[in-house]
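First the structure, in the form of structure tokens, and then the observations on it.
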Amino acid sequence: MPLTIGVPKEIYPGERRVATVPEVVEKLRKLGFSVVVESDAGAAANFDDESYRNAGAGIAANAAELWSSSDIVFKVRAPDAGEVALIKPGTTLVSFIWPAQNPDLMQALVARKANVLAIDALPRQLSRAQKMDALTSMAGISGYRAVIEAANAFGRFFNGQITAAGKIPPAKVFIAGAGVAGLAAIGTAANLGAIVRANDTRAEVADQVISLGGEFVKVDYEEEGSGGGGYAKVMSEGFQQAQREMYAKQAADADIIITTALIPGKPAPRLITAEMVKTMKPGSVIVDMAAEQGGNCELTEPGQTVVKHGVTIVGYTDLPSRLAKQSSTLYSTNLLRLTEELCKAKDGTIDINMEDDAIRGLTVIKDGAITWPAPPPKLPAAPPPKPAVAAAPAPKGHGHGATGPMPAGTLAIVFGVGAVLFWLIGAFAPPAFLSHFTVFVLACFVGYMVVWNVTPALHTPLMSVTNAISSIIAIGALVQIAPPLLDTPRPDAWIRGLAALALVLTAVNMFGGFAVTRRMLAMFRK
């Protein structure tokens with residue numbers, strides 16, 4: 001029998017997101033499910049009840065009606081005690097749970113004999129799990145919104161400008177942490193024209209920072225900082241001391257600091273001290289994206305914007321909700337992809353397959369029993385390294401099959417033969433031909449050297465340049481073919497024949513070159 005998916009209205013203070021949007025409701029119904037949405041559940045994200053009705057969803061008048069009629073419940077925030085009391089035995093709850101931080105909630109859900117899939121427990125290192133990765137979706141939105149909040153509090157342009165009233169320097173933005181949120185912030189700030197610097201304990205993200213227009217600031221201390229699941233690990237005291245010294249320098253120079261550092265299951269690391277805040281310029285801004293876990297800045301007040309020592313410190317804990325429509329759309333798409341994995345038969349029922357590494361990682365409670373934490377997923381084995389190719393021994397001689405510099409004797413013979421040929425041409429050819437031939441030889445030599453030093457990837461774009469050169473050849477050929485002007489002698493028949501042949505070959509080169517270049521450029525157009 002097809003199951004019913006229920007979407008309650010979020011009751012957490014300030015939460016404006018909704019777990020499913022009308023566009024996704026239609027796709028859930030194609031999988032065989034019925035969908036019920038609590039009245040006004042999407043109102044804060046600009047999705048009214050009528051849009052849900054048009055998508056085929058039913059509307060429940062209140063939370064009690066919704067929870068009682070739902071077999072599966074999609075939520076954003078973890079349920080509170082009142083919502084837990086409404087859960088029917090056997091109900092499957094899909095939501096952010098944070099089992100390590102909420103042991104009491106886990107016990108309450110066990111008492112209701114529920115199945116609980118914590119979207120935050122997804123094993124992110126699995127490539128096939130990326131389509132269900134709501135943490136990444138929300139982090140990207142948070143990073144973008146953090147820059148917008150910083151710009152609002154900063155009170156000055158991000159990009160540098162030269163105006164009639166004077167020169168405006170670009171803002172200097174420092175971003176602590178280059179995970180998903182940090183990279184989104186780097187790209188947004190760089191696109192606004194700021195000078196962006198960033199740091200992360202994971203050295204491998206340096207190229208990503210640079211590709212987005214930022215400058216990677218390295219800590220003068222060698223230690224690898226990669227942790228599991230795409231997070232950083234706790235660093236040694238020596239590294240942390242070197243990192244604090246670097247942050248102190250950046251704080252004194254930066255106009256805006258955005259902090260994103262989080263370690264799963266632990267309070268947010270303190271990166272920006274009160275002393276660092278005191279050294280910042282008046283009017284500077286700190287956006288602490290880790291405020292909900294205590295904050296990366298010592299002076300952050302979660303959920304508040306405060307001004308201390310002339311610095312505005314933004315500690316909002318609801319950054320995704322400040323882009324409610326966008327974040328709701330992405331989150332509901334993540335849940336849709338999860339539902340497709342649970343319902344591969346498209347018959348409106350789900351199978352919580354504990355043999356599937358992604359589903360096993362998500363499942364924190366199964367049939368009223370705690371199954372968290374999940375065992376590490378079985379990652380595919382790394383391919384074996386390719387055997388090293390032994391270097392060919394250098395040739396010792398210049399005999400048969402040797403590949404080395406040309407022997408001096410052979411080189412002398414080649415140059416001698418060339419000199420004799422040039423002497424013969426100079427002795428018997430007309431003077432006009434000799435001058436043209438000299439220019440031709442020099443042009444071949446220069447052209448060969450130019451093309452030889454061009455990167456092979458640019459040989460096709462070089463066709464457009466050869467087209468222009470070919471047009472010069474075409475003009476010369478036309479001059480030879482055209483009737484003579486005034487009393488100038490008419491070229492010999494064999495010269496006119498060569499000119500006609502050159503014109504044909506040049507035309508092929510010109511039109512073929514333009515065709516190839518056009519097809520190449522079309523590859524880069526959307």
Side-chain angles (χ1 to χ4, degrees), residues 1-8 19-20 24 28 31-33 35 67 70-80 83-138 228-231 264-265 331-380:
M1 179 179 177
L3 303 178
T4 298
I5 297 175
V7 182
T20 296
V24 172
L28 290 173
L31 292 176
F33 297 97
V35 182
W67 286 88
S70 302
D71 304 299
I72 305 168
V73 175
F74 286 174
K75 272 185 59 61
V76 180
R77 293 276 185 170
D80 66 4
E83 291 175 314
V84 170
L86 296 174
I87 297 177
K88 300 184 303 182
T91 298
T92 298
L93 173 65
V94 183
S95 176
F96 283 102
I97 299 295
W98 305 107
Q101 290 95 324
N102 296 303
D104 294 339
L105 172 62
M106 292 285 287
Q107 293 300 325
L109 292 170
V110 166
R112 303 302 299 179
K113 301 188 183 312
N115 298 315
V116 180
L117 275 63
I119 200 70
D120 49 273
L122 180 75
R124 303 169 75 187
Q125 60 268 46
L126 296 176
S127 58
R128 58 180 289 268
Q130 293 177 3
K131 61 185 178 181
M132 302 178 272
D133 190 358
L135 280 174
T136 294
S137 300
M138 298 303 103
Y231 291 99
Y331 181 66
S332 61
T333 302
N334 293 139
L335 296 191
L336 170 66
R337 302 307 173 206
L338 170 60
T339 307
E340 290 174 343
E341 292 295 316
L342 294 171
C343 180
K344 294 185 177 180
K346 299 183 180 181
D347 57 356
T349 61
I350 62 172
D351 175 25
I352 302 177
N353 181 10
M354 301 297 273
E355 299 300 320
D356 185 317
D357 283 340
I359 303 303
R360 175 65 185 88
L362 284 168
T363 307
V364 296
I365 298 177
K366 178 74 163 33
D367 297 330
I370 294 179
T371 59
W372 180 87
K378 306 182 202 60
L379 298 177

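Just so you know, these numbers come straight off a predicted model, no measurement behind them.
Taking CG of D133 as the start and OG of S127 as the end, the distance is 12.0 Å to the nearest 0.5 Å. We find the OG1-CG distance between T91 and D71 to be 7.0 Å, quoted to the nearest 0.5 Å. A distance of 9.0 Å separates CG in L93 from CD in E83, rounded to the nearest 0.5 Å. To the nearest 0.5 angstrom, R128 atom CZ is 8.0 Å from D357 atom CG.
Counting non-hydrogen atoms of other residues, nucleotides and ligands closer than 6.0 Å to NZ of K366 gives a total above 12. The environment of NZ in K346 is sparse: at most 12 heavy-atom neighbours from other residues, nucleotides or ligands sit within 6.0 Å.
Salt bridge K131/E340: absent, no basic N to carboxylate O contact under 4.0 Å.
Smallest separation of non-hydrogen atoms from R360 and P373: NH2-O, 4.2 Å. A pairwise comparison of heavy atoms in L362 and P123 identifies N-CD, 4.4 Å as the closest pair. The heavy-atom pair separating M106 from I370 by the smallest distance is CE-CG2, 4.1 Å. A pairwise comparison of heavy atoms in A78 and I97 identifies CB-CA, 4.2 Å as the closest pair. Contact detail for A134 and N334: the closest heavy-atom pair is CA-OD1, 3.2 Å. Residues T20 and S332 share a closest heavy-atom pair of CA-CB, 3.5 Å.
Screening N115, T92, L109 for a side chain to side chain contact (heavy atoms under 4.5 Å, CB included) involving I365 leaves a single residue, L109. The only option from T363, T371, D367 that meets the side chain to side chain contact (heavy atoms under 4.5 Å, CB included) definition with I352 turns out to be T363.
Contact of the L117 side chain with the L342 side chain is registered, since non-hydrogen atoms from C-beta on lie closer than 4.5 Å. Side chains of F33 and I350 form a contact here, defined as non-hydrogen atoms less than 4.5 Å apart. Taking the side chain as every heavy atom from C-beta outward, I119 and L335 approach each other to under 4.5 Å. At a threshold of 4.5 Å between non-hydrogen side-chain atoms, the residues D80 and L105 do not count as touching. By the 4.5 Å heavy-atom criterion applied to side chains, V84 and R112 are counted as neighbours. Side-chain contact between D120 and M138 is absent, with no heavy-atom pair separated by less than 4.5 Å. T333 is listed as a side-chain neighbour of R337, based on a closest heavy-atom distance under 4.5 Å.
Under a 3.5 Å cut-off, the side chain of S95 and the backbone N or O of R77 do form a donor-acceptor pair. Side-chain atoms of T349 do not come within 3.5 Å of backbone N or O of P2 as any donor-acceptor pair.
Aromatic pair F74/Y331: centroids not less than 6.0 angstrom apart.
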